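Here the structure comes first, spelled out in structure tokens, and everything after it is commentary.
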Amino acid sequence: MKLWPLSALLLSSCEALGSELQKPLKSASTSLQPPSYESSHGSPSYREDLVSLHKSLVEISSISGNESVVGNFLADYLTARGFTVQLDSIPPSESDSDSDKPRFNVIAWPGSNLHPSPKVLLSSHIDTVPPFIPYSRNDSSLNPDTLIAGRGSVDAKASVAAQIIALQALLDSGVLAGEEDSLMLLYVVGEETSAVGMRHFSKLRGNLDPAPEFKAAIFGEPTEGRLVCGHKGIFGCNITAHGHAGHSGYPWLGKSATEVLMRGLVRVLETDLGSSEEFGNTTVNIGMLEGGVAANVIPERATARLAVRVAIGPELDGAKIASGRLIEAMRSVDEEAFEFDCNYGYGVVKCDCDVEGFETTTVNYGTDVPNLEGNHTRYLYGPGTIFVAHGPDEAIKLGDLETAVEDYKKLILHALES
């Protein structure tokens with residue numbers, strides 16, 4: 001199959017590319033070491049369980065808005081293993097999906113206590129981007145180099161599977177004896193679109209009694225097995241340029257909305273919207289352009305849709321500052337032609353990366369980290385590389401999944417004892 005050489009090449013080259021593009025910030029120190037789970041033949045004892053869970057998750061299509069099947073699977077899986085599970089329903093009025101299927105987050109914790117007081121949250125998302133790509137493996141025998149492909153195999157069902165297996169391994173070892181309900185799992189919907197799942201949980205805390213107030217939260221996203229010290233913020237902007245229609249043979253008698261929009265966008269690309277040593281430059285992706293009605297008509301209207309990755313803080317206002325600079329740059333081209341519809345998003349997001357034994361980095365993508373309100377320590381970590389996520393060759397090595405299980409165990413113990 002052509003997929004495997006290309007995926008393997010992407011995985012190896014992206015590791016080197018990520019080292020070049022993402023600047024590590026600092027290292028840190030703790031001394032926590034979870035028990036080893038290596039079997040007599042060198043593979044971890046949980047390998048089969050990890051591969052089976054990851055396979056089941058990836059085989060289920062869960063494109064944003066259609067997460068109910070994978071959510072029900074996860075609820076059944078956790079219930080069968082002694083977890084208390086609660087489905088956190090998203091009201092249709094809050095949903096960003098046109099689907100009439102039910103949407104819900106999956107909340108779970110070890111044991112049967114109906115009123116837990118968790119200290120540490122493990123969370124990731126169960127929705128994926130389109131299109132669905134079926135599960136496949138390049139090798140029937142399992143080894144660290146086995147390549148597993150499919151939509152969500154990296155982003156973020158790898159994190160979901162590794163977190164669950166890590167927690168189960170700690171529970172089975174007895175390390176968490178007496179602290180079983182100090183941990184809570186949360187797997188949300190809609191992260192790839194509007195973050196509706198995490199925003200809903202943050203607001204109502206699953207209607208749990210008492211409402212959980214976490215000491216720490218561990219978020220799962222593809223970070224190449226590095227602990228993230230922070231990530232860029234983001235905002236979106238829809239821009240409409242207004243002109244005056246006319247015959248294309250006499251352009252001076254009209255005003256081309258397309259031309260003025262292009263000039264404004266070029267000015268934006270040439271403008272420093274905000275930069276920092278840790279996160280580099282604020283970058284602009286002109287994702288969509290549309291304008292005019294015919295080639296021989298001066299365009300009266302043109303539109304652009306932008307996604308802006310914000311490299312400045314503070315978290316609450318960094319996006320507002322950057323969007324203000326964007327608007328100012330475009331109005332320096334034409335004061336009256338543009339109409340702006342910008343959501344103000346957030347600025348750079350700082351996470352804790354002071355944990356011994358982890359390489360550190362920063363990343364340019366957005367996450368659910370800022371969408372969970374509260375005064376908790378925030379960790380961001382996960383297996384796989386973002387450079388194959390969302391693409392046709394999304395895949396992960398089994399060895400990276402197994403490393404993530406061990407690293408999640410370390411993070412869980414560190415978060416509990418910090």
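Keep in mind that this is a model prediction, so the values were computed, not measured.
- Proximity of a side-chain donor or acceptor of Thr146 to a complementary backbone N or O of Ser141 within less than 3.5 Å is detected.
- Environment of NZ in Lys320: sparse, with no more than 12 heavy atoms of neighbouring residues, nucleotides or ligands closer than 6.0 Å.
- Neither side chain, Asp181 nor His115, offers a donor N or O lying under 3.5 Å from an acceptor on the other.
- Glu315 and Arg378 are joined by a salt bridge, as a carboxylate oxygen and a charged side-chain nitrogen come within less than 4.0 angstrom of each other.
- His231 and Thr362 share no side-chain donor-acceptor pair at under 3.5 Å.
- Between Ile396 and Leu147, the closest side-chain pair of non-hydrogen atoms is not below 4.5 Å.
- Both tests pass for Lys55 against the ring of Tyr135: distance under 6.0 Å to the centre and angle within 45° of the axis.
- Note that Arg199 lies outside the cation-pi zone of Phe201, set by a 6.0 Å cut-off to the ring centre and a 45° limit from the axis.
- Scanning all heavy atoms of the two residues, the minimum distance from Ala415 to Ile218 falls at CB-CD1, 4.5 Å.
- In this structure, the side chain of Arg151 does not engage the main chain of Ala389 through any donor-acceptor pair within 3.5 Å.
- In summary, Glu406 and Lys409 engage in a salt bridge, as defined by a charged side-chain N under 4.0 Å from a carboxylate O.
- Under a 4.0 Å N-O distance rule, the pair Glu94/Arg103 does not qualify as a salt bridge.
- Judged by distance alone, the side chains of His242 and Glu339 do bring a donor and an acceptor atom under 3.5 Å apart.
- Gln163 and Tyr187 share a side-chain donor-acceptor pair at under 3.5 Å.
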(message) What verdict does the side-chain contact (heavy atoms from CB on, under 4.5 Å) test give for Leu289 and Thr303, after you've listed the backbone C-alpha separation in whole Å, the side-chain angles of each residue and the deciding distance to 0.1 Å?
(response) CA-CA 6 Å; Leu289 283 171; Thr303 61; over 6 Å; no

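- In this structure, the side chain of Lys101 does not engage the main chain of Glu67 through any donor-acceptor pair within 3.5 Å.
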(request) Quick one: do Glu221 and Leu380 satisfy side-chain contact (heavy atoms from CB on, under 4.5 Å)? Show the steps, please. (result) CA-CA 7 Å; Glu221 290 283 359; Leu380 178 59; 3.9 Å; yes

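- Distance alone, capped at 3.5 Å, places no donor-acceptor pair between the Ser61 side chain and the Phe132 backbone.
- The ring of Tyr381 has its center closer than 6.0 angstrom to the ring center of Tyr408.
- A salt bridge links Lys350 and Glu278; the closest N-O separation between the charged side-chain nitrogens and carboxylate oxygens is under 4.0 Å.
- No side-chain donor-acceptor contact under 3.5 Å links Thr258 to the backbone of Pro299.
- A donor-acceptor pair is defined here as one N or O able to donate and one able to accept, closer than 3.5 Å; such a pair exists between the side chain of Asp127 and the backbone of Glu192.
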(message) Cys353 vs Cys229, test: disulfide bond (SG atoms under 2.5 Å apart). Steps then yes/no.
(response) CA-CA 5 Å; Cys353 57; Cys229 298; 2.1 Å; yes

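- Of the possible polar contacts, none joining the Thr385 side chain to the Val388 backbone as a donor-acceptor pair under 3.5 Å is found.
- A distance-only check finds no donor-acceptor pair linking the side chain of Lys157 to the backbone of His125 [under 3.5 Å].
- In terms of heavy-atom proximity, Ala162 sits nearest to Leu401 at CB-O, 4.2 Å.
- In this structure, a donor-acceptor pair under 3.5 Å is absent between the side chains of Asn72 and Asp76.
- At least one donor-acceptor pair under 3.5 Å links the side chain of Thr79 to the backbone N or O of Ala75.
- A side chain to side chain contact (heavy atoms under 4.5 Å, CB included) with Ile107 is found for one member of Leu186, Leu121, Leu185, Asn207 and no other, namely Leu186.
- Taking the side chain as every heavy atom from C-beta outward, Ile164 and Phe83 never approach each other to under 4.5 Å.
- Between Cys237 and Cys342, the gamma sulfurs sit within a distance below 2.5 angstrom.
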(request) Determine, stepwise, if the pair Leu183 / Trp109 fulfils side-chain contact (heavy atoms from CB on, under 4.5 Å). (result) CA-CA 6 Å; Leu183 278 298; Trp109 58 93; over 6 Å; no

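- Glu402 contributes no side-chain N or O that, together with a main-chain N or O of Pro144, makes up a donor-acceptor pair within less than 3.5 Å.
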